[in-house]
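Reviewing the structure listed below.
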Amino acid sequence: MGIEELVNRNYERFSESDRAVWQYISANRDACEGMSISVMAKNCCVSRTAVMRFAQKLGFHGFAELKMYLKMGAHKAEVSDQIDQVCQIYTNVARSIRDKNCDAMFAAMDRAKQVFICGEGMVQTSIKREFKRIFMSAGMMLFDVPSGQELFNVIHMMTDQDLCILISVSGENEKMVQTARQMRVRGTKLISITKNRENTLAHLCDYQLYIEAAEMVETPIHWQYESTTSYFILIDILFLKYLEYHNGKEQNNASGDAGTAAL
């Protein structure tokens, strides 16, 4: 797991000092690998204790362990290895959703009076938009739930006849987890789309969809890039399986009608 993922999982707990330390580390990764705690504290304009607390919030015993983790992450794979890894992940995601029995989930989607979709962040917004676009072509309208306080306002409109799709990359987003808990109380059926198989959000939902995670790639300007194509592969194949599910239902109904007519 990269340090970026550790930060994302714990960001809601960060103080202003923690954010200052992370901002400095993310902008000066190479220099931080050999930096003392005193120098880092001075450069971040925080105390040594603040730097230590930042390391501990990420799950490290101390600053030395954080530096070791940074050094380990510095040994990046060759670009060709990263390409191979991403291609393999795409293949794994496609096979996984292809082989998954989704009939119960599709039946719940069809039974739902209203289908909502929730997610916070730029990646989640793109996933929501694609999910809505592609399922609308099959006549299913999804209501995009706004983030922020509006999210909790909409929850009170949901009932046990509705279904909600919750998107969270880590599955540990505090707002998404809280939302899932409130929806469960109301009896709303839930589908999660997450990156990690072991996460709080997935455990709270009735149906789970997963994608595999690729390692983050550092760009020439030291940004961290992570491929999101796996989500769209999942949605594409899920939609084809939904069409297959409906074709099977229609054929069964036609067979049943033919049998009744023969009698």
Side-chain angles (χ1 to χ4, degrees), residues 1-90 92-93 120-124 167-177 194-203 210-231:
M1 182 188 304
I3 191 168
E4 289 81 8
E5 188 167 345
L6 290 177
V7 169
N8 288 338
R9 287 189 173 190
N10 295 279
Y11 198 77
E12 295 298 324
R13 301 168 50 219
F14 279 7
S15 64
E16 288 301 318
S17 295
D18 295 324
R19 293 188 176 97
V21 174
W22 170 238
Q23 185 175 7
Y24 181 81
I25 290 176
S26 61
N28 303 275
R29 180 78 60 94
D30 294 341
C32 291
E33 293 172 18
M35 194 174 291
S36 70
I37 189 171
S38 298
V39 173
M40 183 175 291
K42 181 179 178 181
N43 291 344
C44 297
C45 299
V46 299
S47 66
R48 287 166 49 97
T49 304
V51 176
M52 181 67 73
R53 280 199 297 263
F54 169 79
Q56 290 171 342
K57 283 183 182 178
L58 296 185
F60 301 113
H61 293 297
F63 180 70
E65 191 172 334
L66 169 61
K67 283 208 309 179
M68 181 62 67
Y69 202 82
L70 289 173
K71 289 179 181 178
M72 290 171 61
H75 300 292
K76 303 175 182 68
E78 295 295 326
V79 173
S80 59
D81 292 339
Q82 292 169 339
I83 293 172
D84 289 343
Q85 181 200 38
V86 169
C87 289
Q88 185 60 54
I89 284 173
Y90 294 165
N92 293 345
V93 169
E120 292 193 310
M122 290 187 296
V123 172
Q124 291 85 343
I167 305 166
S168 172
V169 175
S170 68
E172 300 296 342
N173 179 281
E174 186 176 342
K175 188 175 289 185
M176 287 295 103
V177 169
T194 62
K195 181 170 64 174
N196 303 313
R197 290 187 175 274
E198 287 300 322
N199 64 78
T200 305
L201 183 62
H203 289 311
Y210 301 103
I211 63 107
E212 290 189 37
E215 291 182 7
M216 287 194 176
V217 179
E218 187 169 319
T219 71
I221 58 173
H222 303 293
W223 286 23
Q224 297 296 316
Y225 167 78
E226 182 177 9
S227 173
T228 58
T229 304
S230 293
Y231 290 100

(Q) Hydrogens and angles aside, do Gln88 and Asp84 bring a side-chain donor and acceptor to less than 3.5 Å of each other? (A) no

Closest heavy-atom pair, Gly62 versus Met52, reported as atoms and distance to 0.1 Å, is CA-SD, 3.6 Å

query: Can we say Arg53 and Asp18 salt-bridge, meaning some charged N sits less than 4.0 Å from an Asp/Glu carboxylate O?
result: no

Between Ser168 and Gln124, the two heavy atoms sitting closest are CA-NE2, 4.5 Å

(message) Does Phe14 form a ring-ring contact (aromatic ring centres under 6.0 Å, His included) with Phe54? I'd like the steps, not just the answer.
(response) CA-CA 8 Å; Phe14 279 7; Phe54 169 79; 5.6 Å; yes

Compare all side-chain heavy atoms of Tyr210 with those of Asn199 and state whether any distance is below 4.5 angstrom.
yes

Check: How about Glu65: does its CD atom have over 12 heavy atoms from other parts shown lying under 6.0 Å from it?
Finding: yes

- Query: Are any non-hydrogen side-chain atoms of Val93 and Thr229 less than 4.5 angstrom apart?
  - Reply: no

query: Would you call Lys67 and Glu33 a salt bridge, taking side-chain N to carboxylate O under 4.0 Å as the test?
result: no

Practice item. Look at the side chain of Asn28 and the backbone N and O of Ala31, then say whether any donor-acceptor pair between them is shorter than 3.5 Å. Key: no

Between Thr194 and the options Leu201, Ile211, Val169, the side chain to side chain contact (heavy atoms under 4.5 Å, CB included) test singles out Leu201

| message | Can a donor-acceptor pair be found, under 3.5 Å and without considering hydrogens, that links the side chain of Glu172 to the backbone of Thr200? | response | yes

